[in-house]
Amino acid sequence: MQNSTTVSHPLVMTLTFGDMTSIKYLYCVFVLVGYVLTILANITVIAVITLHQTLHKPMYIFISTLCFNGLYGSSAFYPSLFINLLYKAQTISYAGCILQVFTIHTYGANEITILAVMGFDRYVSICNPLRYNTIMSPTTVYKLIAAALLSSFFLNIIHIILTSRLPLCDSVILKIYCDNWSVVRLSCVDTTVNNIYGIFIIVAILVIMPLLVFISYVEILRVCARSSKDFRSKALQTCAPHLISITNYLVDVLFELTLYRLTPTNFPYALRVFMSVNFLVVPPLLYPLVYGFKTREIRIKIGNLHLRR
């Protein structure tokens with residue numbers, strides 16, 4: 001029997017900003033600078049790849065897709081955070097909260113699926129170089145990107161439908177933004193279906209995708225072991241940014257899954273905030289640097305662009 005105080009869908013959700021509001025204007029500056037830098041870095045890489053025909057190759061197309069996703073995820077996080085810091089009460093409408101859950105979760109799912117596709121691209125490039133252009137044709141590249149993004153979309157739209165059907169007994173989110181578990185935990189009815197589907201998504205996103213990347217790198221290492229030192233060095237330079245990205249993603253997400261399924265209030269608030277925003281702040285800034293500005297061809301094009309000015 002449900003409690004009489006159960007609210008089906010509260011009009012407003014309260015976010016937990018803790019001591020951040022005491023120096024909120026300083027945080028506003030950090031948020032604004034972070035968002036502007038993220039936009040500039042990603043748009044620069046996307047524009048350079050788009051404008052130069054010589055960069056219309058699978059690896060660069062995947063990099064630009066990753067940058068687009070970084071802009072998508074940042075836009076789901078930074079504007080809302082900035083607005084809430086300016087107000088006395090840190091709140092978000094229920095509809096806005098659900099929309100933020102969807103955008104942030106699709107951003108995270110897009111990231112790992114795109115990285116998995118990039119792992120396949122590196123595998124073909126290193127292990128089957130003579131067949132690379134045949135296998136990774138433009139049609140195949142865009143099909144892989146479409147499959148990565150659509151799988152994330154459909155997985156998360158079902159997740160959102162399951163979450164939005166839950167009546168909530170409370171309206172306090174234990175984060176500075178909304179995510180699925182923060183909403184589900186407020187329900188005072190059985191959430192078994194949500195939990196089972198959540199496990200399914202975890203297996204699909206955090207087990208199968210990294211496993212595919214791992215298999216790709218096992219094959220790459222086998223080829224490198226039989227190759228020259230120069231070939232191994234070039235392969236390492238090509239794969240290092242990808243490995244950094246995968247590692248950063250898994251550490252962030254696994255921490256989130258562990259922390260918020262235990263007792264989050266037992267951890268220092270500053271640590272909770274830092275780790276919860278890391279995957280929304282660091283990757284969108286990191287990827288243009290490790291994939292864009294550190295990639296010789298893109299770096300040269302960016303340099304030429306500045307010289308023309």
Side-chain angles (χ1 to χ4, degrees), residues 30-52 55-82 99-119 121-122 141-142 144-153 155-156 176-179 205-206 209-210 213 240-253 255-256 274-295 297-299 301-302:
F30 288 151
V31 169
L32 187 61
V33 171
Y35 191 36
V36 170
L37 288 176
T38 299
I39 291 173
L40 290 176
N42 285 281
I43 286 181
T44 299
V45 173
I46 292 168
V48 167
I49 292 172
T50 303
L51 294 173
H52 292 87
L55 297 180
H56 293 184
K57 299 176 182 178
M59 182 175 74
Y60 304 117
I61 294 171
F62 292 136
I63 290 172
S64 64
T65 304
L66 207 55
C67 289
F68 267 118
N69 190 56
L71 289 173
Y72 171 70
S74 298
S75 298
F77 170 67
Y78 279 114
S80 173
L81 177 60
F82 184 79
L99 178 61
Q100 190 174 53
V101 170
F102 176 74
T103 51
I104 286 176
H105 280 261
T106 49
Y107 154 76
N110 287 342
E111 187 174 328
I112 188 62
T113 52
I114 294 166
L115 288 172
V117 168
M118 292 176 75
D121 175 68
R122 293 301 82 207
V141 168
Y142 290 117
L144 287 170
I145 292 172
L149 301 183
L150 287 174
S151 62
S152 301
F153 175 83
L155 280 173
N156 282 289
I176 61 176
Y177 62 87
C178 294
D179 69 355
I205 298 297
L206 296 181
M209 293 300 166
V213 175
H242 189 247
L243 288 171
I244 292 170
S245 303
I246 285 284
T247 303
N248 180 73
Y249 178 88
L250 291 176
V251 169
D252 288 347
V253 175
F255 180 88
E256 279 286 285
F274 175 77
M275 292 305 296
S276 67
V277 303
N278 190 50
F279 90 105
L280 290 164
V281 173
V282 175
L285 269 176
L286 180 69
Y287 295 155
L289 296 177
V290 299
Y291 286 113
F293 301 115
K294 285 290 184 181
T295 302
E297 290 80 0
I298 296 178
R299 190 171 65 248
K301 299 297 183 185
I302 293 173

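In what follows, every heavy atom counts, from backbone to side chain, and hydrogens, waters and symmetry copies are set aside. Numbering starts at 1 and runs along the sequence shown. Keep in mind that what you see is a predicted model, and the values were worked out from it rather than measured.
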Under 3.5 Å donor-acceptor, Ser80 side chain and Ala76 backbone: no
Using atom types as modelled and distance alone, determine if a side-chain donor or acceptor of Ser74 lies under 3.5 Å from a backbone N or O of Leu71. no
Applying ring pair (Phe, Tyr, Trp, His ring centres under 6.0 Å) to Phe153 and not counting sequence neighbours gives Phe102
Identify, with sequence neighbours excluded, every residue that meets side chain to side chain contact (heavy atoms under 4.5 Å, CB included) alongside Val31. Tyr78, Leu81, Phe82, Leu85
Is His56 reaching over with its side chain to a backbone N or O of Ile61, donor-acceptor style, under 3.5 angstrom? no
To the nearest 0.5 Å, how far apart are CG in Leu149 and CG in Asn110? 5.0 Å
Would you indicate whether the side-chain heavy atoms of His105 and Leu155 approach each other to under 4.5 Å? no
To the nearest 0.5 angstrom, please state how far the CD1 atom of Ile39 sits from the OG atom of Ser75. 6.0 Å
By ring pair (Phe, Tyr, Trp, His ring centres under 6.0 Å), which residues pair with Phe62, not counting sequence neighbours? none
Here the gap from Met209 atom CE to Glu111 atom CD, rounded to the nearest 0.5 Å, amounts to 13.0 Å
Partner set under disulfide bond (SG atoms under 2.5 Å apart) for Cys67, not counting sequence neighbours: none
With a 4.5 Å heavy-atom cut-off, do Pro210 and Ile246 have their side chains touching? no
Kindly write out the residues that satisfy ring pair (Phe, Tyr, Trp, His ring centres under 6.0 Å) with Tyr177, not counting sequence neighbours, or none if the list is empty. Phe77
Is Ile63 close to Val45 at the side-chain level, that is, under 4.5 Å between some pair of heavy atoms? yes
Test your reading of the model: is there a side-chain donor-acceptor pair from Asn69 to the backbone of Thr65, 3.5 Å cut-off? no
Output for pair (Asn156 CG, Thr106 OG1), nearest 0.5 Å, gives 6.0 Å
Spatial distance of atom CD1 (Ile46) from atom CD1 (Ile49) [nearest 0.5 Å]: 8.0 Å
With sequence neighbours left out, the residues meeting ring pair (Phe, Tyr, Trp, His ring centres under 6.0 Å) with Tyr249 are none
Asn42 side-chain N/O to Pro284 backbone N/O, donor-acceptor pair under 3.5 Å: yes
Is the shortest side-chain heavy-atom distance between Asn278 and Asn248 below 4.5 Å? yes
Determine whether more than 12 heavy atoms belonging to other residues, nucleotides or ligands lie under 6.0 Å from atom CZ of Phe68. no
